[in-house]
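Down below is the structure, laid out as structure tokens.
Whatever order the structure lists ligands and atoms in, that order sets their numbers, starting from 1. The figures here come from the full heavy-atom set of this structure, side chains too, leaving out hydrogens, waters and symmetry mates.
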Amino acid sequence: KNNQQLSGKRVLITAAGTREPIDPVRYIGNRSSGKMGYALAEAAAVRGAEVLLVSGPSNLAVPPGITVKRVETAAQMRDAVLAEFDNVDIVIKAAAVADYRPELPSEQKIKKSDNTLTITLIKNPDILRELGEKKKPHQLLIGFAAETQDLLVHAREKLIKKNLDLIVANDVTLPGAGFNIDTNIVKLIHKNGDIEELPQLSKKQVAEILIDKIYAMMTKST
Ligand code: C5P
């Protein structure tokens, strides 16, 4: 059986969380481990794709045969993704990108004082939304939505607003789903409104199913 369905395809995957500096030693981060994104990178590579992984800080080993570009902030992730977007067929944005960053990171370590400390946050660019605006007909764009309430409503909104082909929605409050564990419980929402609910699976299994769906979407649209 030929399992090289993605040979000749270039896939860009983002993974893990971004870190937004407050001062030289502190940052605003999130609980993303990179497990889902790294599993996707491996599953795509196993099927013959040329994989570029743009990763925020993560302790995970990069699977063999994958090119990795390491970034820290959302701005760096944006630069890395936009530099490659025109050259790839499929983008899967599994990274947990910070929505806000400190407006003016302090050049020196902030000293403790008797007062409260206020940090002004400004909005980061939405990378996926920019990609949705630039997307060419041959390109597929897949996003993730981690929610704590009204999962399907919010995920559908993102699919439409960001011009995605598919969004993978997970309720991060469910036991067995979400950050830093090896399993996930996801719903796949397609552009045409179809919803597929997957049971609790390992992130590796979710990744393999997703890559199969992406292959099916590719062959349908050509
Ligand atoms: O933050 P949000 O829940 O809207 O994220 C949904 C999707 O958008 C994810 O796939 C995430 O990687 C992507 N995203 C992005 N740039 C941002 C925020 C989110 O690419 N600044």
Side-chain angles (χ1 to χ4, degrees), residues 11-21 27-41 43-44 51-58 68-86 88 90-103 121-135 139-174 177-180 184 186-191 203 206-207 210-211 213-214 217:
V11 184
L12 173 67
I13 297 171
T14 69
T18 64
R19 290 179 178 174
E20 309 298 323
Y27 59 83
I28 296 177
N30 62 66
R31 298 183 190 281
S32 174
S33 61
K35 281 178 180 167
M36 194 62 244
Y38 280 55
L40 283 161
V51 179
L52 174 63
L53 179 62
V54 176
S55 177
S58 169
V68 64
K69 167 87 180 141
R70 293 192 182 274
V71 299
E72 220 168 279
T73 65
Q76 291 165 356
M77 183 168 280
R78 176 174 177 271
D79 290 346
V81 166
L82 289 180
E84 290 297 330
F85 185 58
D86 291 343
V88 300
I90 299 160
V91 177
I92 310 175
K93 285 226 74 215
V97 186
D99 291 328
Y100 293 89
R101 69 175 182 277
E103 182 175 29
L121 303 179
I122 57 170
K123 239 178 151 172
N124 273 333
D126 189 323
I127 306 165
L128 190 50
R129 191 168 179 170
E130 284 183 66
L131 300 183
E133 286 163 9
K134 291 173 59 126
K135 182 171 74 170
Q139 292 179 307
L140 285 178
L141 208 50
I142 293 94
F144 274 70
E147 304 290 347
T148 57
Q149 57 183 356
D150 298 326
L151 178 66
L152 285 176
V153 174
H154 288 137
R156 255 198 226 101
E157 269 172 22
K158 286 176 192 175
L159 175 94
I160 293 162
K161 196 168 75 183
K162 303 186 190 208
N163 191 26
L164 308 182
D165 298 285
L166 180 75
I167 192 157
V168 184
N170 64 314
D171 179 342
V172 292
T173 67
L174 286 181
F179 295 119
N180 213 357
N184 213 350
V186 304
K187 295 178 168 57
L188 309 182
I189 306 169
H190 294 258
K191 196 162 58 172
K203 286 182 178 172
V206 173
L210 257 171
I211 296 296
K213 301 281 175 200
I214 290 166
M217 289 161 70

Ligand 1-proximal atoms of Lys162, by part, heavy-atom distance under 4.0 Å: side chain

Numbering as shown, the atoms of ligand 1 that approach Leu128 to under 4.0 Å (heavy-atom distance): 7 (C), 8 (O), 10 (O), 13 (C), 15 (C), 16 (N), 20 (O)

Nearest-neighbour protein heavy atom for atom 16 (N) of ligand 1, which is reported as residue plus atom name and distance: Ile127 N, 3.0 Å

Closest protein heavy atom to atom 11 (C) of ligand 1, given as residue, atom name and distance to 0.1 Å: Ala95 O, 3.4 Å

Heavy-atom nearest neighbour in the protein, as seen from atom 1 (O) of ligand 1, with distance rounded to 0.1 Å: Asp99 OD1, 3.5 Å

Any N/O pair Asn124/ligand 1 closer than 3.5 Å: no

Lys93, any N or O under 3.5 Å of ligand 1 N or O: yes

Student check: side-chain heavy atoms of Pro102 and Leu121 closer than 4.5 Å: yes

No-hydrogen, no-angle side-chain donor-acceptor test under 3.5 Å, Tyr27 and Thr73: no

Val206 side chain reached by Met36 side chain, heavy atoms, under 4.5 Å: yes

Atom 9 (C) of ligand 1 - nearest protein heavy atom and its distance: Phe144 O, 3.1 Å

Atom 21 (N) of ligand 1 - nearest protein heavy atom and its distance: Pro125 O, 2.8 Å

Ligand 1 versus Arg129: contacting region, heavy-atom distance under 4.0 Å: neither

Any side-chain heavy-atom pair of Asn180 and Lys35 under 4.5 Å: yes

Nearest non-hydrogen protein atom, atom 2 (P) of ligand 1: Lys158 NZ, 3.5 Å

Trace of the side chain to side chain contact (heavy atoms under 4.5 Å, CB included) decision for Leu210 with Leu166: CA-CA 10 Å; Leu210 257 171; Leu166 180 75; 3.6 Å; yes

Min side-chain heavy-atom separation Lys134-Leu82 under 4.5 Å: yes

Contact atoms of ligand 1, heavy-atom distance to Gly143 under 4.0 Å: 10 (O)

Interatomic distance, Asp165 atom CG to Ile90 atom CD1 [nearest 0.5 angstrom]: 10.0 Å

Any side-chain heavy-atom pair of Val88 and Leu52 under 4.5 Å: no

